[in-house]
Structure formats: C-alpha cells, structure tokens
Asks: 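Mind having a look at this structure? Questions to follow.
So you know, we letter chains A, B, ... as the sequences are listed, proteins then strands, and number each from 1.
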There are 2 protein chains.
Amino acid sequence: MTHLPDTEAAKPSGQEIPPAALARLTIYLRALNSLMAAGTERISSEQLAESAGVSPPTLRKDLSYLGSFGTRGVGYDVGLVSQEISAALGLMHEWKVAIVGVGNLGRALAGYSGFSTKGFGVVALFDADPLVVGAEVAGLRVSPIAELESVLRHTGANMAVMAVPAGVAQGLCDRLVAAGVMSILSFAPVVLQVPPSVQLRKVDMATELQILAYHAQRAQETENNSESSARP
Amino acid sequence: MTHLPDTEAAKPSGQEIPPAALARLTIYLRALNSLMAAGTERISSEQLAESAGVSPPTLRKDLSYLGSFGTRGVGYDVGLVSQEISAALGLMHEWKVAIVGVGNLGRALAGYSGFSTKGFGVVALFDADPLVVGAEVAGLRVSPIAELESVLRHTGANMAVMAVPAGVAQGLCDRLVAAGVMSILSFAPVVLQVPPSVQLRKVDMATELQILAYHAQRAQETENNSESSARP
DNA sequence: TCCTGTGAATGGCTTCACAGCG
DNA sequence: CGCTGTGAAGCCATTCACAGGA
C-alpha cells in the first residue's frame, strides 16, 4: 500500500534536518560513541542532553527528525541511536577525503585521528611546494598540484579539505569542482564561489576570534557602565 | 560624565548584533580591507554584497546595526565602513592571545598571518611535551603548562586558543578560566563547560565533515530516486 | 509512573518594498 | 534620479507543555 521511495518505513528521511539540529546530532554521536566505549548501554534524554550541553527537549526534538527509536519510560539504547545518527549522516560507508595544502594545518588535518574512526579516510595529499611534494605525511605520499585531477580520479576521492593560502583557493576550488568533488571544506579566509550542486563549508579562525572580541568588548563596556552609572 | 557612555552619539551600540549578522560583518571587513589595499575608496551595497556572497538587502541591514554611515545615492566609503566594523567588533586595540597546545595545529595558528594584521597578537605558547617546551615557534618560546598561570599574568593575555587533545581540554580550560581568561576558542572535539561570563567558541572539523557527508548522501539519494522512478 | 514523542506557540532572522536623503 | 536606511511581513527554528506508550 505504501510504496514511497523511503529506505525504511516510518522514517521521515525525506525531510531535511534543520542545520542547527544537524550540527548538534554530530555532538550527540560523539557523546554516544564515548558512552559505548565506556560500556554504557542505556541513557535517558536528560543525561545525554547534559553531556552534549543542550536541553532535554532540544535533544528529543533533534532525534525525532530521524525517527522514534527510544523506549518510553526507559530511555535510549546507546548503540542503536549511535547507529541511527551515523546512518542519517551518511557515515555507514567511508568517505574518501583529499587534503589540498600540506602546511602545518594540512599536516594537523592529515594526522587527525578523529577522521579514520568516524567514517572518513584521507586518501590523497597535495601541495605546491616542491620541497614538500614526495614527502611522506601520515603514511601518504604528497602529490604535486599538477596531478590533482589524475590522483583524484585514481583514488576516488569525493571530498576535499582545502588548507591553502587565500590567493590560490578559488583556482584550486574550481579545479576540484571540475574534477567532480561534490563536498569541500575550506580553511582559506576568502569567500569561494561554487555551483549550487557543490556543498561548501568554511572554517575561519579570524572570524571566530573577531566574534569573541566583539563579546569581550561588550562585556567590558557593560562592566564600565555599571561602575560609573549606578542608575535605575 | 554627564553625557552618555556611548563613544559616539546616534549609534545603537547598546543593541546586540544578531549572531548571523555578526559573522557576516567579519566577512565584510575582510572584503573591505582587500578593497582598501587595492586603492578602492567607494563601493555600493550591491558590489560589496556580491564580493561577500550575500544579497544587497542583507548587507545593508547588517551595516545598519552599527549605524548609518553610507551616502545615499553614492554608496559607502570603504575606509570609513572598515573602521566602523572594526570599532564595533572591538578590534581597535590589540587582543593578546595565548595558544595552548603547540602541535601541528597550534603551529599553524601561531604562524597564521591573519592574526597580527587584524587586531590579534600571539603573546604566549604552551605545551605539555618536554621536547617542545623551550623551542622557538613563530618567534616565541614555548612555555610549559606548569607555568600557565604565571605566564598568562605576565603577558596580560586575555584570550586563549586551545589546540589540545580532547582528554586534557576541560582541565586546561578550567585553569584558563581561573586565571582570568574571558574568551576561549577551542579546537578540541569535546563539549567544554565554562561559566556564563566566559565566552567559548568551538571549531570542530569532524562536525564539519559530517555535515558535508549528510548533504552529499542526500544528493546521492535524490539522484538515485530520480533515476529509478521516472516521474510523470 | 516513568520518560519519550510531538503539535503549538513563541521569538528571531531574513526578506522585501518603499521611504528618505544626497 | 540613485542608492542607502528601515519598518513590516513572512518564514523558520527553537522551546514548551502535554499527550502517549512501556
């Protein structure tokens, strides 16, 4: 009777998960994996919410975007919820990641153990510096940028992380897109243009610090005001 | 002392800037500084919006949170707007940043040129590894964690960036807070607990990749569905 | 009775259209 | 006449209170 193209019945997998909820799901996943490693099998929404730093209703609402797999009156099965989140995020098979730019940041990313244990594998490294090309970093040989397209094709990489200077980021981004990479995470401090079909996310350390500075300045001003003017 | 504590009159500086707008303001600032370096003096909201990747009304609304300093019929003075954003973000004086953890990521941060040119100066480096302590990185000597409190006091650092393993992050975070650091940027993949008076921001590479994976999987599923079911 | 699941209301961001000034 | 500035409307996400099942 029901023949919707959903993978499983009773799961709202056609719905888009709101961005804010999506970000929190990754936090829950990490907390659940820690719990699983510690041997915990069941957990209540209140406990899990606390370890993730959110309110219990927020947690339950977020999980409800994936379906209903808790037990009323009891709580959640740690392993089951972890698996459901992994499935929803697309982490059941490994994504092949290429890292473009093997400076300090690129090395940090290449050696980041969180990748391999969470559904991501680094399969290629690229750098423009002839002194770096050919070196072995985190068990991989660094390829020259000139071989970008061929190595991407050969390794089957479908994601890329860009840890390159701002000036060359757009050019390399264009080449990644042309080579068929559909998901890019950029650490370069520039606005990159990509076609709508390509997913681009940006991590910007200068932006983060500037936002901190804004709040810090605000806190200082409030402090000064309450000092000098003790008004109603 | 009779006048208002506002730096300038007619500026809504008591208002909080919405988080989304705040993040975009940092992008505008970078674009404006590029323009200034290129010698451009005036720009319209349409041009600036395009280089920042947002719509013109969004740009104008964002700038209006700081005040009104454009010229109707003409556009914005690049230098003036840059200065106003810098003032609003608290970048007119330099913030002193301590970097905790001098692995590859810490080194990348210490050497990041964006800091010094944008109101941030790295004044202290810390690491737990005896082989790293004492080394010179980006012109600074690496201090041992044991000297955290004394070096923070001596250098007057008021911001900290944590590039340390998850396991030791909360302990170090507590010590930073106890030492009076009010703003912390963490790269550690854990939820950190801080008192409400302390500003904490988090950069999480695993989260970013997982969000990309979610969208990538969704794009694949959509593709498969439209393949198998040739709709009316 | 417990804790999960969810519909409804609140609050905030974004967008738009037009008012306002050079 | 051109472009900025902004009030208002629409929309989305978060929050809450309660329904619902073990």
Side-chain angles (χ1 to χ4, degrees), chain A residues 8-28 32 40-82 84-85 88 211 214, chain B residues 8-28 32 40-82 84-85 88 211 214:
Chain A
E8 294 271 343
K11 243 177 247 177
S13 61
Q15 301 281 51
E16 274 236 358
I17 300 174
L22 187 55
R24 285 191 299 266
L25 282 171
T26 69
I27 309 297
Y28 307 152
L32 288 164
T40 310
E41 291 182 354
R42 271 203 310 261
I43 192 166
S44 69
S45 67
E46 191 177 342
Q47 292 171 298
L48 183 53
E50 192 193 340
S51 66
V54 302
S55 69
T58 299
L59 168 74
R60 294 202 297 271
K61 185 65 158 180
D62 290 345
L63 291 182
S64 80
Y65 288 118
L66 312 185
S68 328
F69 28 78
T71 308
R72 303 190 185 210
V74 177
Y76 297 97
D77 180 291
V78 173
L80 175 63
V81 177
S82 167
E84 291 290 343
I85 296 179
I211 292 174
Y214 168 75
Chain B
E8 295 271 343
K11 245 178 245 177
S13 60
Q15 300 281 52
E16 274 237 357
I17 301 173
L22 187 54
R24 287 191 299 265
L25 282 171
T26 70
I27 309 297
Y28 307 152
L32 288 164
T40 310
E41 293 182 354
R42 271 201 312 258
I43 193 167
S44 69
S45 66
E46 190 177 344
Q47 293 170 297
L48 183 53
E50 192 194 340
S51 64
V54 301
S55 70
T58 299
L59 169 76
R60 293 201 299 272
K61 188 65 160 179
D62 289 346
L63 291 181
S64 79
Y65 289 118
L66 312 183
S68 329
F69 28 77
T71 306
R72 302 188 185 213
V74 177
Y76 297 96
D77 179 294
V78 173
L80 176 63
V81 176
S82 167
E84 291 288 343
I85 295 179
I211 292 174
Y214 168 75

Asks: Without decimals, in angstroms, what is the distance between Y65(A) OH and dA13(D) C1'?
Replies: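 Answer to the nearest Å: 7 Å.
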Asks: List the protein contact pattern of nucleotides 15-22 of chain D with one symbol per nucleotide (5' to 3'): B for base contact, S for sugar-phosphate-only contact, - for none; contact means a heavy-atom distance under 4.0 Å.
Replies: BBB--BBS
Asks: Take the protein atom OH of Y28(B) and the nucleotide atom P of dT4(D), then report the distance between them rounded to whole Å.
Replies: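 Spelled out: OH on Y28(B) to P on dT4(D) is 13 Å.
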Asks: To the nearest Å, give me how far apart CG (L66(B)) and P (dT6(D)) are.
Replies: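 From L66(B) CG to dT6(D) P: 11 Å.
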Asks: Is P19(A) touching bases, backbone alone, or none of the nucleic acid, heavy atoms closer than 4.0 Å?
Replies: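 P19(A): backbone/sugar contact only, no base atoms under 4.0 Å.
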Asks: D77(A) and F69(A): side chain to side chain contact (heavy atoms under 4.5 Å, CB included), yes or no, with the steps?
Replies: CA-CA 8 Å; D77(A) 180 291; F69(A) 28 78; over 6 Å; no
Asks: Could you go step by step and tell me if I85(A) and L66(A) meet the side chain to side chain contact (heavy atoms under 4.5 Å, CB included) rule?
Replies: CA-CA 7 Å; I85(A) 296 179; L66(A) 312 185; 3.8 Å; yes
Asks: May I ask you to verify if any side-chain N or O of S45(B) is less than 4.0 angstrom from the OP1 or OP2 atom of dT4(D)?
Replies: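 Yes.
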Asks: Take atom CD of E46(B) and atom P of dG5(D), then tell me their distance rounded to the nearest Å.
Replies: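 Rounding to the nearest Å, CD of E46(B) and P of dG5(D) are 15 Å apart.
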Asks: Round to a whole Å and report the spacing from CD1 of I43(A) to C1' of dC2(C).
Replies: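 Distance check: I43(A) CD1 to dC2(C) C1' gives 17 Å.
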Asks: Take atom CG of L80(A) and atom P of dT4(C), then tell me their distance rounded to the nearest Å.
Replies: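 It works out to 14 Å between those atoms.
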Asks: What is the minimum heavy-atom distance between S45(B) and L59(B), and which atoms define it?
Replies: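 Distance-wise, the nearest heavy atoms are O-CD2, 3.1 Å.
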Asks: Checking side chain to side chain contact (heavy atoms under 4.5 Å, CB included) for the pair Y76(B)/R60(B): CA distance, chi angles, key distance, verdict?
Replies: CA-CA 10 Å; Y76(B) 297 96; R60(B) 293 201 299 272; 3.7 Å; yes
Asks: Counting only side-chain heavy atoms from C-beta out, which of dT14(C), dT4(D), dA13(D) sits nearest to P18(A)?
Replies: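 Looking only at heavy atoms from C-beta outward on P18(A), the closest nucleotide is dA13(D).
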Asks: Looking at every non-hydrogen atom in both residues, tell me the closest pair between D62(A) and A21(A) and how far apart they are.
Replies: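 Looking at all heavy atoms of both residues, the closest pair is OD1-CB, 3.3 Å.
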Asks: D77(B) has an atom CG; how far is it from atom P of dG22(C), in whole Å?
Replies: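 That distance rounds to 16 Å.
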Asks: Find the distance L63(B):CG to dT4(D):P and express it as a whole number of Å.
Replies: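 From L63(B) CG to dT4(D) P: 10 Å.
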Asks: Donor-acceptor pair, distance only, cut-off 3.5 Å: does the side chain of Y214(B) make one with the backbone of I17(A)?
Replies: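 Yes, because the side chain of Y214(B) sits within donor-acceptor range (under 3.5 Å) of the backbone of I17(A).
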Asks: Check the pair L48(A), V54(A) against side chain to side chain contact (heavy atoms under 4.5 Å, CB included), reporting the backbone distance first and the verdict last.
Replies: CA-CA 9 Å; L48(A) 183 53; V54(A) 302; over 6 Å; no
